[in-house]
Amino acid sequence: MRTKFSGTLTLLIVLVVQITFAQEKTITGTVSDNSGLPLPGVNIVIKGTSNGTQSDFDGNYALKASVGQNLVFTYVGFKTQERTVTANSSSISIAMEEDAAVLEEVVITAIGLEKKKEDDLSSATTIQAETITKSGEAGVATALAGKTSGVNIIKSGGDPGAGVFIQIRGANTIQGDDEPLYVIDGVLINNFNFGAGVAGVSEQSRLNDISSEDIESVTVLKGASAVAIYGTGAANGVIVVKTKSGKGKPGEWSLDYKSGVYIDKVNETWDLQDKYGQGLNGVFNDGGGTSTSWGDLISARAGGPDEVNVGNQRFEAQDGTVYYPIITKNSRESFLESNFDAVIGQGITFEHDISLKYSGQSGSTYISANNWDQKGIVRNGSNYVRKTLRFNNTTNFSDKLSAKIGANYIKTDADAIQTGSNLNGFYLGLLRTSPDFDNRDYKGTSFNAAGAPSINAMRAYRGPLGPTSAYNNPLWTMNEQSNTIEVDRFLIAPELSYSFSDNVTVTTRYSKDTYRDKRQVFFPYNSSTDIGNGLGYFEIDERFVSSQYLTAFINSNHTISEKFNLSWILGASYENNEFEQLATSATNFSNPYITLDDLISIENAAAANIDAIDSYDLEKQVGAYLLVNGEIFNQVLFELTGRVDRSSTLPDQTFFYPAVSLGWKFSELVKGSEFLSFGKIRGTYGEVAVAPQTYSLTNGFGIGGVNSSWGDTLAGGQYGSTASLDDVQGNANLVVERVKEYELGTDLKFFNNRLSMSFTYYDRKTEDVLLEQAVSPSSGFSNLNNNAATITNKGIEFDLSAAIIKTEDFKWSIDLNYSQNDNLVTSPDGNGEVLSFLNGFVGTSSNVVDGQPFAALLGNPLARDEDGNLALNDFGFPVVSEDGEEVIGDPNPDWRGGIGTKINYKGVELSALFDFVQGMDVWNGTKGVLNHFGVSEVTANQVTVSAEEAATILNFNGVAIADLPYSQLNEDGSYTVRGNLDDFGAGTVLLDQAWYLGTASGFNGSPELNIEDASYVKLREVSLGYTFPSKFIEGIGLDNLSFSVSGRNLVTWTNIEGFDPDNNLTGASKGRGLEYFTNPSTASYFFTLRVGL
Amino acid sequence: MKNLKKLLYLFSACALFISCDSLVEEVNYQDDPNTVGSVPTLNLISQAEIIAIYLTESDASRYAAINSNSISGSNNQWIGYETYTYSPADFDALWSNIYIEGITQARLAKEQAEIELDDDAFATACFFEAYFLGELAASFGDVPDSEAFIPGNTSPMYDAQATVLNHVQELLSLAISRGNTSTLYITDANGGTTSTSTLGQLAHSMKARYYMISKEYGNALTEAQSGINTIDGGLFGTHADATGAQNMWYNFTAISRPGDTSPVGSYLQELIMVDGSADRLLATPGEAERFDFYYRGNRNYNNRDGGIFDKVASLPIIGWHETQLILAEAAYRSSQEGVARTALNAVRTALETQYSGSFPASTATGNTLLLHILEERYITLWPSPQTWHDITRTNNALGVPPKTGSEMPQRFLYPQVELNTNSNAPSPIPSLFTPTPIN
C-alpha cells in the first residue's frame, strides 16, 4: 500500500512540475563535421540530466528539452560543444569541430571498445595507421619499431617476409608464447610462432599477413591490468588492431588507390680482405677442401694464367670454361667484389592497394585488395608475394540489432634463402670464400681422375673441381635450391549486438582463423652435405593451424547520479587452438639429375630414404570475466576486473585473477588553466595467470634414435622397433604461472593540449614461472617441466608529443618515447644455475640463468687467475678456460627510445623517425669465424719488425717471427709478416694465423673475444610527401591526391661492423644476441602515390 | 531491468557451463597424441643397442682417436681439438646420449623385463647398461650411477670410479647368470646389433675389458678365456645405405664433416704407412695391405666401399681381436708369457688372413712382448676408444707422441650440461690432463 501510494505521489508531483514549469519543446537539428558532412552517433545530452539521444545516420536528432537547458554535444575525436535552448529555438544544428589533440588520444580497450585516452587508466598507447604505412615495411609488426615506448621489435634479418619478435616491456615468460596477444576488431587472431633456430630459413610472422593499409590504428596494451579480460594469452601484453570501416561520405561509395615502389639495398657489409689467397702457412692451396685464406700474398704472384694440370680431372662449367687442377697459382685477380655482386643486388617491391568504402543509412562497408610483390636483394630465389582481400561490414537492422562481419583472405608465396649456421647457408658460403676464387662458374660437369663425369655438379672454393663442396657456392644456394613457403589463410569474424535498452547491450563475437602453411625444401644432388648427404633432399611440410574464439558479453552503463556513473561488462569466452603437422622428406635421390626445373617428387628415393613425421598440438580454454568501471565527481576513475579460467592443459584447476585500477583527473580542480589542460594520475594492480604448455603434466615414449653433435645420426625408424622415453619429464604438480604487476603513471597535457606526456613506472613480477628446467642428464632427463623461476621486470616508460608550431599553413610536431627495463631471473635454489637453454650453439648460447637477465649469453671465457687477470700461456697469449661456461654478455638493452618529427607546410609534409637502442651485447660469431678463415680485413694486416724484434716476438704457438715460414726477410734485415702486434700483458706478441685459429677462432676460441656492444641509433624513417590542395584536383574528379618519397633504415650509427645490430640470428625465438652468418639486412627507398575518388 | 535479470541468469548459467570439465577435457587434449604411454621391452633394448653403436662409432670414438693421436683435427672446431683445446660443452652430447637415451632405456627395460619374466631381456639390458657405465667411468672417472635415473632426483651424486666399475662387473655377472646362452635380442632385426656369440660370451669379454681398465689383470685373463672365441664372434653394429642407418664414422668423414678431421699426420698413420715417420716395433710388412683398408691413396680415410669406414661397415662393440689381446696382455701381466704370445700371434694370424699380407709372429719376451701387444692393440682396435684407455692405463707405455706439449689427455671433461645443473658435479672440474683415480 505504501509503495503504491508513493508511486502515485511521484506521478502526481511530476505532473504538477510538468504543468507548472515545463515549457518543454522538441528540439530537432542536424549535426555535421567541420566539412559539413552529417555526423552520426553524436551524443546529445541535456546538461545535468541523464536525458539524451544520439544523432542518426543523417546526423539528425530530436529530443525534448526546456528553455534554459543546455544541450551538450559530444563525440570522440571532436571538441565538446554546448548550446542553450531559447524560447525561439526549435532547431539547433551544429557543426562539430575536430579536436586534433583528442583525435590521437583514443585507445581501444582490450574488449575492442573505443575509449578516450583521458579516461583510460592503463598505460596503453595508440599508433595511427599513417605512421605504420609510412614505415615502408611489409607488415604491421615490423612497422611498430621505434614508435612507442615499451615495445621491443627484434628482426630476424633482411629476407623478404622475415618475421619479427615483438616484446612488450621485457621477457616475462620462458615457455610458450612470449609475444603479445593480437586482437583484431575484438577477436583473437593466431600469431603462432614456429620459433627459429640457428639455421634454415627465416620464419615469417603471421601478424604481417594483415595489410598495413587495412589498419586504422594499433593500440598497445602493456600492463597486466589492461589485459586481464583476454586471459592467459595476454600475459605478454596485447596489441589491439582496429581495421578500417566504411566511414566516409554518407550514402556514397568512395575509392582509394595506393601504389608503392620500394627499392632495397644492403645496408651493412663485412670488411673482407683481398690481399691473401686460399691456403695455409702462407702457401697457396685450393685442394683437399682447404677452407682458409691464410695462403700466399696475391700481389706477389707471377701474374698471368695459372699453371694447371691438363688431364682427365676437370670441371666444365655451363659456359664451356674448363677448370683443371692448379699446379701453380699465378693469377693476381681478386674476386671479392664480383663474387658479392654475382649474388647480391637491388631488391624491388611493388605494392598496389585498392579500397572501397561505403557508409549509408543502415551500415557501412569496407572492401580492400592489396598486393605486395617483393623481390629480395639476393638476386634469385628470395621473394615474398602477399595478396590480401578484406571485407568489413556493419549492418544496423534496427535501432536495437546490429551485426558486423570482418573477413580476410591472405595468400602468401615466398621463396627463402638458407641462412645462418648451415653448409647450405647463403652468407656462410659467400663470406668464407677465398678472395682469389671466382664463384661465378658454379655449375657444370665434374670429371674425376678416371674421366668419369658427374653432371649438375657444384663448384665452390672448397671444391674447385666439384662435384660438391663442404660449403655451397652462394650462386648454387640461390639458383639451384629452393625453400618455398605458401600460406593460405582465412579469417572470419562475425559479431551480433543487441541493445535491450539504452544502456544494456549484449554482444556476441566469434572468429575462426585458419591457415595451411606448406613448405617445400629442395636441395639437388651435389649440394653441400649437412642435409640430405649431398645426394639430394626434398621435403614437403604441411602445417595446419586453426583457432576459434567465441565471446559473449553484456555491456551496461548506469548514470547513478550526476556525480557517479558506472558501467560494467560481464562476459564469457571460449578458445580452441589446433595445430597439426604432416611432413615427409626424401634423401638420396633415385634420379640424381633432378633439378629445380624438373618435376620434383617425394617418390624420387628408395623407400628406406623416405621419412615421414606427424605432430599435433591441441588446446582449449574457457573463461568468464567481469569488468566494472566508473567515474565519481567527474574526476575519480576506477576499474575492477576479475577473470576465471580453465585450460585443457591443466584440467583440474580453475584459476582466478583480479585487477584494480584507480585514477584521478586532478586537472578538474584547476579547470580552465592556460598552462595545464589536463592532468591525471593513475595506479593499477593486475594479475594474469598463465596455464602450462600442452602435455606438460606427463611424458611418454617416442621413437628412438640418436644424434651426435656433428650431424651423424642413427634413425630409430631404420632399426626396427625402437622407443625412447621423452627427454622432458612431465610434472603433475604444475600450477599456473602468475604475472603480478603494479603500475603508476600520469598523463599530462599543457598549453591547450599542445604538449602532452605520459609517464609510467611498472614493477612486474612473474611467479612460478613455467619452464622446461634443465636438469642433470644423469637423472635420465634433459629437462623437467617445472614452476622453477621468478622473473622481474621493472621499468619506466615515457611518451611525449608536442605541437611546437600550429598555424593554418605551418605545423611542426615532435613525438618522443623512452623506455627502460631491468630484467632479472631468479630461481628458488638461487645458486646461479642455468635454468633453461633458449637458443644458440654448443659453446655460445642464449639462456635463462639464475641471477641474470633473461637470455643471458653463455660461453667459455678466457682463462683467468684468481685475481681476475688473464692467465696467459707460456708465449704471452690468453687461452680458453677449460672450466666451463660463464655469462659473457647481456643482450637486453639498457634503454630504448624514439624521436619522431613532422613538419607540414601547406600540402608538404616532411617527417623523420630516429630509433635509439642502447646498452646491449651481441655475440658476433661471424667475426670470429671470418677471422679463423683469414678472410676478414683485420687478418690481412702486415707488420714489419726489426731483426731483433723478429727473434723475440712470438706467435700463439711460440714461434718467433723470424722462424715463421710465412714471414719475409727484407733487404734491410727487418721482417714483414702477416698479422697484428698486440700485448696482453707479457710483452709484444704476434697475432697471426695461429692466434686466429686458436683462442681467437670463432670455432674453438673464446666467444668472450667476440662479444660486442650492439648499441645503435638509426634513422629508421624519413619521408617527404605532398598532398595536392583540393581546389586543384576537384576539377579532375579526384577527392585527394598525394605522393611521397621515403627512406627506411637509411643510416645506422653503431660500433658494430658487418651486420645490422637490429637483427638477431634466432629472430622469432626467445634466444637473443646471436649473430652468425645471418642473411644481410636492408635499407630501402620508396615512392608512394595515393589517389582517392 | 527484468531483461537484465534474465540476462544475468543466462550468463551465470553459461559461467557454470564453461566451468564444466567436459569443455576442456577431451581426447588428445590431455594425453599427448605424439607419444605413447608404455612400450614393449623389445623397443627399449633396441634403443639401448642403437646407443651402443653410437658409443662405439661416434663422439666418444672420435674424441678418443684425437686423444690417442689416431686421427688429426684439421678444420673448424677440430683444429682446436688437435691442440687439446676442449671445452666442457664438447662432451654434452656424449654424456646426454649415454644417460638419457642409453642408461634410462636399459634400466626401464630391466624393470619391464622383470614384469614380463623375460630373463633374456633382463640380461641383455644389464649387458648394455654395463657397457655404458663402463665407458663413462673409464672416460670421465667418477660418474653418477647409483642415483642416476631415480624419479625425483634431478641432481644425482657421483659414484667413485672404482665403485662404478664394480657395478659394471655385477651387471655383467647378472647378464651371465640370467642370460648366459641368450642370443635373442642381440641378433634380432630390431636395434641393429648382431653376433654369432652368446650373450654370456660377450659379457665375459666385456668383463675382461673393464677388469683391464681397473687393472685387475688376473680377473681379466679368466674372463677373456671365457669370452668371444671365434674371429667373427664379436658384437657388431649393423648399417645400411639408407639415411640414418649409415656407419657413423662414414657419415662423419664423408657426409657431415668431411675435412674436419683427417688421418694425415696422425701417429697411427705414420706407424703403419710404409715410409711413415714411425716404425712398428714388431716389423709387419702386411701393414701395407692394412693401410689400404684403413686409408685411401691420398692418405684420407677409406670410407669407400670395402673400406674400414664403408657406409655399411660393421664395427665391433666388442670383438674377438680385443678379447685375444686382453688375454695376451693380462696373461703377460700374470707372468704367463707363453699364453700371452700365443694369443698375440693368434691375432697376427687372423690379420694375415684378413689382409692377405704378412703379419709375422712375435717371438719377443719381457717388456718387448708387452709393447708388441700394446702396439697391436693400438693399431688393430682402432677406432675403438680402448686404444686411448690403454694409453691412460699404461701411462703411455707405447710412447705415442702427444699432439702438443708433453702430456697425453687423461680424461674427457665433465660436460657443461652437468656443470649447469648438477650441484653434485665436481667443481672445479679436473683438467684434461688429470688422471682418473684408477690411473
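All chains are named by letter (A, B, ...) in the order of the sequence lines, taking the proteins before the strands, and each is independently numbered beginning at 1.
Relative to the six-membered ring of A:Y471, A:R462 meets both conditions, a distance below 6.0 Å and an angle of at most 45° to the axis.
Heavy-atom distances place no part of A:A606 under 4.5 Å from chain B, backbone and side chain included. When heavy atoms are compared at a cutoff of 4.5 Å, B:T238 approaches chain A by way of both its backbone and its side chain. Within the 4.5 angstrom heavy-atom criterion, only side-chain atoms of B:Q416, from C-beta onward, approach chain A. Proximity to chain B is limited to the side chain of A:F933, based on heavy atoms less than 4.5 angstrom apart. Heavy-atom distances place both the backbone and the side chain of B:T35 under 4.5 Å from chain A. Using a 4.5 Å cut-off between heavy atoms, A:E885 contacts chain B through both its backbone and its side chain. At a 4.5 Å heavy-atom cutoff, A:T694 makes no contact with chain B through either its backbone or its side chain. Looking at B:L108, only its side chain comes within 4.5 Å of chain A, counting heavy atoms on both sides. Of the atoms belonging to A:L725, heavy atoms from both backbone and side chain fall under 4.5 Å from chain B. Neither the backbone nor the side chain of B:I103 comes within less than 4.5 Å of any heavy atom of chain A. Residue B:Q105 touches chain A through its side chain alone, counting heavy-atom pairs closer than 4.5 Å.
Remark: side-chain polar atoms of B:Q246 are paired, donor with acceptor, to backbone N or O of B:D241 under 3.5 angstrom.
Within the 4.5 Å cutoff, the side chain of B:Q30 has no heavy atoms near those of the A:Y695 side chain. Taking 4.5 Å as the limit, every side-chain heavy atom of A:D611 sits out of range of all side-chain heavy atoms of B:T243.
Residues passing the side chain to side chain contact (heavy atoms under 4.5 Å, CB included) test with B:D31: none are found, sequence neighbours excluded.
Your options are B:N420, B:N76, B:T404, B:N190, and the one with the most heavy-atom pairs under 4.5 Å with chain A is B:N76. Between chain A and the options B:N75, B:I150, B:N424, the largest number of non-hydrogen pairs under 4.5 Å is found for B:N75. Most heavy-atom pairs under 4.5 Å with chain A, from the set B:P33, B:A240, B:G237: that is B:P33.
Of the candidates B:F91, B:Y86, B:Y158, B:Y158 is the only one forming a ring-ring contact (aromatic ring centres under 6.0 Å, His included) with B:Y414.
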